[in-house]
Amino acid sequence: MTAALVVGLLVAGGVFLLLRRGLLRIVLGFVLLGHAVNVLLVSAGGMQRRGAPLLGETEADVAADPLPQAFVLTAVVITFGITVYMLALARAGDPGATTGHPPARADASSPADGSDRDDPDRDDADRDDATADRGRRTDAPEGGTS
Amino acid sequence: MLLALALLGMLALAVAAPLLARRLGRKTGYPLAAGYLAVAALLASAAPRVWAGETETASWEWLPSLGVSLSLRLDGVAGVFCLIVLGVGALVMAYCPGYLGDEEPHGTVYLLLSLFATSMLGLVLAADVVLLYVFWELTTVCSFFLISTAGAAAARPARQALLVTAAGGLALLAAVVLLTVAAGTTDLATILADPERVLGSGLAWPIGGLLVLAACTKSAQLPFHFWLPGAMVAMTPVSAYLHSATMVKAGIYLLLRFSPLFAEESAWSTALICIGLLTAVTGAFLALRENDLKGILAYSTVSQLGLLVAVIGVGTPEALAAAVLHTFAHALFKATLFMLAGIVDEETGTRDIRELSGMWRAMPVTAATTVLAALSLAGVIPMLGFVSKEYLFQGLLEAEGPPWAGPVALALGVTASVLTFGYAARIVYGGFGGDDLHPDVSEPPAAFLLPGAVAAGLGLVLGPAVSVLSPMIDAAASDVAPTGEPPDVYFWHGLSPELAMSALTIVLGLVLFGFRAPVDRALQRLRLPDAGRLFDRVHDGVIALGHAVGRPERTGSPAAHLSRPLVAVVALGAVGTLVVGGLPARADTDRPLDWVVAGLLAVVVPAAVLTGSTLAAVGLVGITGLLVATWFLLAGAPDVALTLMLVEVMTAVVAVLVLRGVPGRLVRSPRREAVPAAALALGAGVAATLATLAFTGRRELSAVGEHFLTSTEEQTGGTNVVNTILVDYRGLDTLGEAVVLGTTALGTALVLGRSEWRGAAAGTPADRRGDAVLEVSSRVLVPGMFLLSAYLLWRGHDEPGGGFIAALVAGAAIALSRLTHGPGTRLSRLTRPDRLAGAGLVLVVAVGALPTVQGQAFLTPVELPWLHALGIGSTFLFDLGVYLLVLGLLAAAVTRLEQPDRTAGDEPPGSPVTGPLVTSGVPERAP
């Protein structure tokens, strides 16, 4: 029961982060989803037997299923590798994109950052424009094929 | 052998064409024409045998597993088409030098024309339906490129031609597949020899329909006729060839070829006769209202092909013989007329018959040649066109069905012929009759005129001497007629109904010509539906539809892309809840501490999700990870817990490095984004909870888990079962994981740029000194952490530890050292990420490959001779490789991310590099 609740909580948090702005949120959401899947895997092995699968230290009849643990150990490390890679990707681009701020060029004429917090909608509008721009650029080559 | 030589010869000519063009320029046409005649002569050497009913064959294996072979076959009908392709091809090639200007890309034009001819020759010689299809598509592709050589104006017609004929090509492919299924072979002769097998298979209808569709697109029958007049934008030699001998004749060839299968099926006959006659009348009608010489000729081709399709549909031996003869006659006069239209165009600069007038004075020879070809087109005695039209009428009269079918077909045929006479007269009178408006025009050079004159002369000579063609026509018609003997062809039939029809045609045609002025006015006022525009509208509609379908994907927002699979997950959860039932009872396994962890997570996760501070988000997600690690510890997974804790620490370090120079606040999403995101998140969370409840807690220890717990120590000597699974039992999985890590290490290094790497290694650590506490603690801690790391690695086989954990500890040590001392220390030179990852990868693969030397499976654990005493086996070295790879990834992340931001505008120039950990809540952004 608790395992299911933990999984649900982590999935909900992860999904919410994934769907919002800023690459950092997406990376963090990905981390939470990774946790959720790992908890699901371990709990799939059964939660009655909870002894560490260390022979000689744990009685054989209480030792937990080692196979899901091996899966999860692998998954944790791979998740870590991918998280680092995603963070590197986030860093390689525009620093503002990491947190969802509009590109640096758009900042040139905007007032100091403090105003962002007071008026997030204006900031968002800028962002929307940038997105729309990108959309138009994508359209252009197709229009030219005729 | 003969056939292979012919086809290879054509290919060689095609290859040689651009090379010759470099030297000869536009005169390349002459050697090519000579080459075509030589190939024709080569094939003609087999003519006596072919006319006697034998066939010439050649075959090589191509796809033996599918029974498909590269086989060629020359029989009567193939022979006629070979003659047309090569004969008209030679004339067109000889015409090209006069037509082409000096600026045109001669090499390209000649190459494409030669490839076009080669494809067409291959098409008519193919003895395997798959090969037939391949050559069919090659002619489509060649014609597309040939039309495209006309430049920008040709873009639309070339696209129309390609799409229509390629669609027909797909129909042919489907027909070929079905034929192969029905007949059990791809050999054309075998398929045709046993019609019952195909007709009785239940696939006859789709096969016949697809073949008709393919032929109608290629031969420009209604409603696909529009691409052919559009294609006249191509240069005139291309039009001449495409309209008379290749491309459109491919559809006629296909119908003739499959006549033995379907000629006695009434559906096939009815369809072909209806389509053909409708096209014949419509095409002739449209030709009558055209003013462009080439436009008239293009619609004329549509109309003449319609007559051919109709008479093939009749399917009697006489009708099929008429089709073959008229195909031949049409090739001659249509090639001539196009070539002459090109000459007129070249000499006067226009093809519009409203602007041309009275040129017979200036160009008497051209005018006479045109008259000869036009007479053949109109079916006037004694031209070859007259003879073939007689046979056409005779064939149409034989149309089976109700008693009125034949006369009605004949009446339509005569109508088309009357209109044909009308537009043939328009060509001659419009171009050459009337007052002289072009005093400065003169006769073209003889070489330019000769090819057209030869074809026109043949049309005149072969009319009375048509019996010369008799063996050829006979052989072809008996190849394609399912039953009965084809008649010999004669010039004079006596006073037959056909002769009366011919006479009627001429009289009515003359009447039509006499009333040309009112007829013209009436036709010009007529508004007709334009199939080409309809096609364009459909085409644009399809493009717009694709655009609309793809529009949601053309956004830079990740949420738009991520939300759809997530919606699918929620939907799956909903479906699962409704459908899945009858699960075994769940055991209640919760313990009090579980609830404590879950309760803490219930506080931390929402906080991590909702916070607006960058650092708080990273920190709270890290705490979430530590709580999950605690949960693993409670669940009896100390290895996982330990690894996860270290991973969380390292993730936090990397994240903080990334966040340097990045605004300290996360952007707030507007409500219209946050609300749907929250709804989807809640849905996904509920779905995940329900799925976890459904899939867990319903069974005892798994059999494989039981096996590992009982036999691990005996089999591997290790007591940490999880670690033995990773390195002993599931080594290949771990190898795959190691490769993933190596790839991410490489990716991280590449993404963040390589140049800084070298520079960083040489940089001075001086500016980092200052924080005494950090420095002292790192002096003490870093060596200790490396020792701990080595210990964890060594003991991993028996107790919690192993390559992953040990590498994470060492990675933390590297990070600490880098944070304190900056780049350029001895440690950072020792831990170059590329070397670590490379060494790790080599080690895991080498250890894996070691047992294969002894003939054992990849990754089998082996004892190493002198290391065994230390308790070190190959699994240890494998683990060491994993260790090095993980360390490589960490070193890459720390080294690269720790560099000053490349978008250097974030920091004032000249200021000391801020310590990576001092990213404050205040955004550091460009002024």
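FYI, side chains are in, hydrogens and waters are out, and symmetry mates aren't considered; it's all heavy atoms of this structure. Numbers restart at 1 for each chain; the letters A, B, ... are given by sequence-line order, proteins then strands.
If you measure heavy-atom distances from B:Val647 to chain A, the contacts under 4.5 Å come from both the backbone and the side chain. Only the side chain of A:Ile26 has a heavy atom closer than 4.5 Å to any heavy atom of chain B. Both the backbone and the side chain of B:Ala602 come within less than 4.5 Å of a heavy atom of chain A. Interface remark: B:Val740 contributes side-chain atoms only to the contact with chain A (heavy atom separation under 4.5 Å). Heavy-atom distances place the side chain of A:Val31, and not its backbone, under 4.5 Å from chain B. Using a 4.5 Å cut-off between heavy atoms, A:Ser43 contacts chain B through both its backbone and its side chain. Contact annotation for B:Arg156: neither backbone nor side-chain heavy atoms come within less than 4.5 Å of a heavy atom of chain A. Heavy-atom distances place the side chain of B:Glu648, and not its backbone, under 4.5 Å from chain A. Residue B:Val597: no heavy atom, backbone or side chain, is found under 4.5 Å from chain A. For a residue to count as touching a neighbouring chain, one of its non-hydrogen atoms must lie under 4.5 Å from one of that chain's; by this rule B:Tyr729 does not touch chain A. Heavy atoms of A:Leu18 lying under 4.5 Å from chain B belong to its backbone as well as its side chain. Contacts of B:Ile725 with chain A are made by side-chain atoms alone, with heavy-atom separations under 4.5 Å and no backbone atom involved. Residue contact with chain A, scored on non-hydrogen atoms closer than 4.5 Å, involves the side chain of B:Leu566 exclusively. Contacts between B:Leu633 and chain A at a heavy-atom distance below 4.5 Å are absent for every atom of the residue. Looking at B:Leu741, the atoms closer than 4.5 Å to chain A (heavy atoms on both sides) all sit in the side chain, from C-beta outward.
Not one N or O on the side chain of A:Arg49 forms a donor-acceptor pair closer than 3.5 Å with the backbone of B:Glu700. Judged purely by atom type and a 3.5 angstrom limit, B:Asn720 has no side-chain atom pairing as donor or acceptor with the backbone of A:Leu54.
Under the 4.5 Å side-chain criterion, counting only non-hydrogen atoms from C-beta, B:Leu808 is in contact with A:Phe80. In this structure, the side chains of A:Leu19 and B:Leu680 come closer than 4.5 Å at one or more pairs of heavy atoms. A 4.5 Å side-chain heavy-atom check between A:Tyr85 and B:Thr743 finds every atom pair outside the cut-off. Side-chain contact between A:Val42 and B:Trp631 is present, with at least one heavy-atom pair separated by less than 4.5 Å. Contact annotation: the side chain of B:Phe804 never approaches that of A:Val76 to less than 4.5 Å [non-hydrogen atoms, C-beta and beyond]. In this structure, the side chains of A:Asp65 and B:Glu706 stay at 4.5 Å or more apart for every pair of heavy atoms. Using a 4.5 Å heavy-atom cutoff, the side chains of A:Val7 and B:Thr689 are not in contact. At least one side-chain heavy atom of A:Leu10 sits under 4.5 Å from a side-chain heavy atom of B:Thr624.
Atom OG1 of B:Thr692 is separated from atom CG of A:Leu5 by 9.0 Å, given to the nearest 0.5 angstrom. A distance of 7.5 Å separates CD in A:Gln69 from CG in B:Asp639, rounded to the nearest 0.5 Å.
Among B:Ala637, B:Ala598, B:Gly599, the residue making the largest number of heavy-atom pairs under 4.5 Å with chain A is B:Ala637.
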query = Is there a side-chain contact (heavy atoms from CB on, under 4.5 Å) between B:Leu610 and A:Phe16 once you walk through the steps?
reply = CA-CA 9 Å; B:Leu610 295 174; A:Phe16 189 57; 4.0 Å; yes
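Residues B:Val609 and A:Arg20 come closest through the heavy atom pair O-NH1, 3.4 Å.
Checked for salt-bridge contact, A:Arg21 and B:Glu673 meet the test: a charged N lies under 4.0 Å from a carboxylate O.
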